[in-house]
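Notes for the one structure printed next.
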Amino acid sequence: MPELPEMEAWRRQLNEPVRAFPIATAGPAHVATLKTFDPPLSALEGRRLAGARRRAKRLLFPTDDGELVLLVHLMTAGRLRYLRAGEKGPKAPAFRLEFEGGAQLVLTEAGSKKRAGVWLLTPEAAEQELAHLGPEALGLGPDALAAICAQESRRLHSLLRDQRVIAGIGRAWANEILHHARLSPFALSRDLVPDEVSRLADAIDIELGRGLELRERGANDARTYRVHDKLDEPCYVCGSPIARVDYEEHTVYYCPDCQTGGRVLKDRRMSRLLR
Ligand SMILES: [Zn+2]
């Protein structure tokens, strides 16, 4: 699933082009993709978008008159593309906006499951839709993170991925961040000493910043990630093979030497015993 760096790179790419022309035609949208019916999509026609915004892993396209917000959540397999006038697009996108002059914004989704969503909302309804999200991960800082860690005792990998607590991090960047911070994915948040909290806060900014920079240059997953999905490849810090353990239906990648004091986490039951 695209996370904060991926979504922010797309937002920056889309911000200028989406506001260049008013919307000529809104839709069609796949019945499973469009999550709202009032206001109707046609309410967008004739209006101009103010640009692209982002909150956590969602993209928001407010109209420049301040009356409507188009909200897009790509989930795992959704992709949003801006096509210039005349550029060939997919035959049956899950959602399409056509601008005056012929450029298009199209949402496609690989696979048969339609999980990506599009909402057309008033600004008040959009705010409500996003109200459950925690603070943005990028720029969170050590003080806010210390308060979050003290609130409840949670495994760090699970805490970082919880959008209600910190918004924008998923399993891939949780792996990268915890490795950078030299912390076990299964350490408990309340057990962190202040130095570890500030290391984690730094790692969040450094890793998400690194990801954003690479994604803006078009880097693929293999080049962007250094720990995530790198089983048995040498750790970029110490050279030990990266290990993997299944946890809460997620696969966690980590370096035993850098993060768990050399201990290899065998399975979920054992991983509960280790921090
Ligand atoms: Zn290492």
Side-chain angles (χ1 to χ4, degrees), residues 1-6 8-9 137-142 144-146 148-150 153-162 165-166 168-275:
M1 183 186 289
E3 303 175 25
L4 190 153
E6 291 73 35
E8 179 59 22
L138 193 57
L140 185 65
L145 184 62
I148 287 168
C149 286
S153 205
R154 297 272 303 272
R155 304 284 176 203
L156 293 182
H157 201 277
S158 154
L159 181 83
L160 288 178
R161 283 187 283 106
D162 187 340
V165 179
I166 301 172
I169 300 170
R171 61 196 181 100
W173 287 105
N175 289 331
E176 299 295 326
I177 288 165
L178 289 167
H179 180 276
H180 191 115
R182 306 191 310 278
L183 291 168
S184 164
F186 303 109
L188 289 166
S189 54
R190 270 189 183 154
D191 291 347
L192 298 192
V193 299
D195 176 54
E196 291 171 324
V197 172
S198 77
R199 240 160 55 206
L200 184 56
D202 284 350
I204 290 172
D205 282 347
I206 292 168
E207 282 300 318
L208 295 180
R210 183 179 72 81
L212 174 57
E213 203 185 306
L214 284 165
R215 294 304 195 181
E216 277 202 276
R217 298 208 306 256
N220 62 11
D221 288 355
R223 172 142 161 55
T224 302
Y225 301 134
R226 299 188 289 189
V227 181
H228 177 70
D229 222 9
K230 301 286 186 188
L231 180 66
D232 290 335
E233 290 182 38
C235 164
Y236 68 89
V237 174
C238 73
S240 303
I242 293 294
R244 178 174 84 181
V245 65
D246 290 325
Y247 173 65
E248 287 183 352
E249 290 150 37
H250 294 279
T251 302
V252 174
Y253 294 85
Y254 67 101
C255 171
D257 277 341
C258 292
Q259 295 176 260
T260 56
R263 286 171 298 188
V264 173
L265 311 175
K266 288 289 184 207
D267 58 22
R268 291 187 57 185
R269 196 174 41 145
M270 189 170 170
S271 63
R272 266 191 220 118
L273 305 173
L274 300 173
R275 346 204 211 283

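Ligands are counted one by one from 1 in listed order, and the atoms in each one are counted from 1 as well. Residue numbers run from 1 in the order of the sequence given.
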Residues Arg210, Glu213; criterion salt bridge (charged side-chain N to carboxylate O under 4.0 Å, His left out); working and verdict: CA-CA 5 Å; Arg210 183 179 72 81; Glu213 203 185 306; over 6 Å; no
Criterion salt bridge (charged side-chain N to carboxylate O under 4.0 Å, His left out) on Arg215 and Asp221, from CA distance to verdict: CA-CA 9 Å; Arg215 294 304 195 181; Asp221 288 355; 2.7 Å; yes
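Tested against Arg154, the residues Leu188, Leu160, Ile148, Val165 include a single side chain to side chain contact (heavy atoms under 4.5 Å, CB included) partner, Val165.
Here the protein contributes Cys235 SG, Cys238 SG, Cys255 SG, Cys258 SG as N, O or S atoms under 2.8 Å from the Zn ion (ligand 1).
Ring geometry for Tyr253 against His228 counts as perpendicular: the plane angle is over 60°, on a 0 to 90° scale with 30° as the lower cut. Between His179 and Tyr236, the ring planes are tilted. Angles from 30° to 60° get that label.
Other residues, nucleotides and ligands place no more than 12 heavy atoms under 6.0 Å from the CZ atom of Arg171.
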